[in-house]
2 protein chains.
Amino acid sequence: MKQAKKQLFHDFIARKGLKSTRQRDLILDGFLSNDRHMSIEELYLALRAKHPNIGYATVYRTLKLFSESGIAREIQFGDGQTRFEHVDEGEHHDHLVCTRCGAVKEFANEAIEKLQAAIAESHGYLVHTHKLELYGICPKCRK
Amino acid sequence: MKQAKKQLFHDFIARKGLKSTRQRDLILDGFLSNDRHMSIEELYLALRAKHPNIGYATVYRTLKLFSESGIAREIQFGDGQTRFEHVDEGEHHDHLVCTRCGAVKEFANEAIEKLQAAIAESHGYLVHTHKLELYGICPKCRK
DNA sequence: CTTATCAATGAAAGTGATTTCCGATAGCAA
DNA sequence: TTGCTATCGGAAATCACTTTCATTGATAAG
């Protein structure tokens, strides 16, 4: 699965006539080997720990490439930090976000998706994306 | 309904020991007499047209107070602009956002709300808010 | 294995939205 | 009226990104 994403990204790089660089591989490894919802800051600091002179701008630029290549997706939970999550083909999910500790749980619900489609249609909208987030306190923080 | 919100805000001001000022009243009137999803910029410019030396900072500060008082709610549609919408007691709705023209349509769906509650519960989360936005092309733009 | 080309990089400067700072002003209680 | 202090406006600061630019390095041609 990690290999598949690496492959996808390398194919994308080749298809676009871009260059395969050490930094891009480094950032890709960092992204793939970490938690599914990382902020750019987090990834940057993690990388920086091992490779002190990697640039902030490079991380931003590369994450944007990940989005374009389809292996990552940008998400925002309203805390002013952009996060990136892994994209798994044919899979869609929404998020439960803990407002105390920041934990994120993914869930998928077929019934909600269907209702959303019906609502959009009834208003004449042609929907291409949607966002559903439930904000609350996670089981751990409730104690 | 506008009167009710003015009352609510004045009560809030009094309860918190804050002061009732001309600017706050001005901004409140501007907010209440306009469209339901305004950006801070829009409100600021509209106010500025009538009262040239009202400060940007004051508008920000005051809108935050509106949120705290419960008469307004901050929303973000991912275009980098924070918007504020009116809060009507006991009413909840979600949004259909046109990604071409920016039009926003509100909708409410009881069934979705129930499903959300069930999902949150099954994961042990205590949910206090949620956000559901459908992004697409509105009927007008589809032509 | 060179060498030329031009994308990619890192550091720093620039943006745009929002926030803070600060001296002046104005509610409001005494 | 007076005094206290919240609030104000304008400017500077901050925050999360984005762009710029001189240098570096990947790649392809020779």
Side-chain angles (χ1 to χ4, degrees), chain A residues 9-31 37-69 72-84 102, chain B residues 9-31 37-69 72-84 102:
Chain A
F9 184 62
H10 285 134
D11 291 354
F12 171 82
I13 286 290
R15 191 165 62 251
K16 290 278 186 176
L18 304 175
K19 287 173 182 170
S20 165
T21 68
R22 203 160 46 75
Q23 286 87 335
R24 284 178 180 163
D25 287 342
L26 238 48
I27 297 170
L28 182 52
D29 281 343
F31 174 67
H37 303 91
M38 13 171 44
S39 68
I40 299 171
E41 179 84 15
E42 280 163 3
L43 181 52
Y44 171 71
L45 290 176
L47 289 166
R48 191 88 187 185
K50 292 268 178 191
H51 313 273
N53 53 354
I54 199 164
Y56 220 120
T58 302
V59 178
Y60 271 94
R61 287 187 280 234
T62 305
L63 283 170
K64 203 169 279 182
L65 282 181
F66 291 172
S67 287
E68 282 175 48
S69 77
R73 182 188 299 121
E74 218 169 294
I75 45 175
Q76 306 203 208
F77 293 137
D79 63 348
Q81 295 260 115
T82 296
R83 281 151 208 286
F84 284 82
Chain B
F9 185 63
H10 285 134
D11 290 353
F12 171 81
I13 286 290
R15 191 165 60 252
K16 291 275 186 177
L18 305 174
K19 288 173 182 171
S20 166
T21 69
R22 202 161 47 76
Q23 287 88 335
R24 285 177 180 164
D25 287 340
L26 238 49
I27 297 170
L28 182 53
D29 281 344
F31 174 67
H37 302 91
M38 4 171 53
S39 68
I40 298 170
E41 179 85 17
E42 281 163 2
L43 181 53
Y44 171 71
L45 290 176
L47 288 166
R48 191 88 186 184
K50 293 268 178 190
H51 313 274
N53 53 354
I54 199 163
Y56 220 121
T58 303
V59 178
Y60 271 94
R61 287 187 281 235
T62 305
L63 282 171
K64 203 169 280 182
L65 282 181
F66 292 173
S67 287
E68 283 175 48
S69 78
R73 182 188 298 119
E74 215 170 298
I75 44 175
Q76 305 203 208
F77 293 137
D79 63 349
Q81 295 261 116
T82 296
R83 282 150 207 286
F84 283 83

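This is a predicted model, so every value here is computed, not measured.
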note: B/Lys16, atom NZ; C/dC28, atom C1'; distance rounded to Å ~ 20 Å
Closest of C/dT9, D/dG9, C/dT18 to the B/Asn53 side chain is D/dG9
To the nearest angstrom, the CZ-P distance between B/Arg24 and C/dA26 comes to 15 Å
When rounded to whole Å, the CG to P distance for the pair A/Leu65 and C/dA8 reads 8 Å
B/Tyr44 OH to C/dT18 P, in whole Å, measures 14 Å
Q: Ignoring backbone atoms, test whether A/Thr21 places a side-chain nitrogen or oxygen under 4.0 Å from the OP1 or OP2 oxygen of C/dT9.
A: yes
Is the closest side-chain heavy-atom distance between A/Leu65 and A/Leu18 below 4.5 Å?
yes
A/Phe77 atom CZ is separated from D/dA16 atom C1', nearest whole Å, by 17 Å
Flag side-chain contact, heavy atom, 4.5 Å: B/Phe66 against B/Ile27 | yes
query = Taking C-beta and beyond as the side chain, do B/Gln23 and B/His51 meet within less than 4.5 Å on heavy atoms?
reply = no
From CG of A/Leu26 across to C1' of C/dG10 the rounded distance in Å is 14 Å
Here the distance between atom C1' of C/dC28 and atom NE2 of B/His10, to the nearest Å, is 15 Å
- Query: For A/Gln81, which contact category applies under a 4.0 Å heavy-atom criterion: base, sugar-phosphate, or nothing?
  - Reply: sugar-phosphate
Heavy-atom check, side chain of A/Glu41 versus side chain of A/Tyr56, under 4.5 Å: yes
Is any side-chain nitrogen or oxygen of B/Arg48 closer than 4.0 Å to OP1 or OP2 of D/dG9?
no
Using a distance-only criterion (donor-acceptor N/O pair, under 3.5 Å, no hydrogens), is the base of C/dG27 paired with the side chain of B/Arg22?
no
inquiry  = With hydrogens left out and only the distance checked, is there a donor-acceptor pair under 3.5 Å joining B/Arg61's side chain and the base of D/dG9?
reply    = yes
Between CD of B/Gln23 and P of D/dT7 the distance, given in whole Å, is 11 Å
Among the nucleotides C/dT18, C/dA26, C/dC6, whichever has the atom closest to the side chain of B/Tyr56 is C/dT18
DNA chain C nearest-nucleotide lookup for B/Leu18 and A/Ile54: closer to the 5′ end is A/Ile54
With a non-hydrogen cut-off below 4.0 angstrom, is B/Gly80 in contact with a base, only sugar-phosphate, or nothing? sugar-phosphate
Separation between CD1 (B/Ile40) and CG (B/Leu45), nearest 0.5 Å, reads 12.0 Å
- prompt: Think B/Tyr60 has a side-chain N or O under 4.0 angstrom from the OP1 or OP2 of C/dT18?
  reply: yes
C/dT18 phosphate, OP1 or OP2: any side-chain N/O from B/Thr82 under 4.0 angstrom? yes
Comparing nearest nucleotides in DNA chain D, the 5'-proximal residue of the pair B/Ile13, B/Ala57 is B/Ile13
Of A/Ile40 and A/Ser20, the one whose nearest nucleotide on DNA chain D sits closer to the 5' end is A/Ile40
4.5 Å side-chain heavy-atom contact, B/Asp25 and B/His10: yes
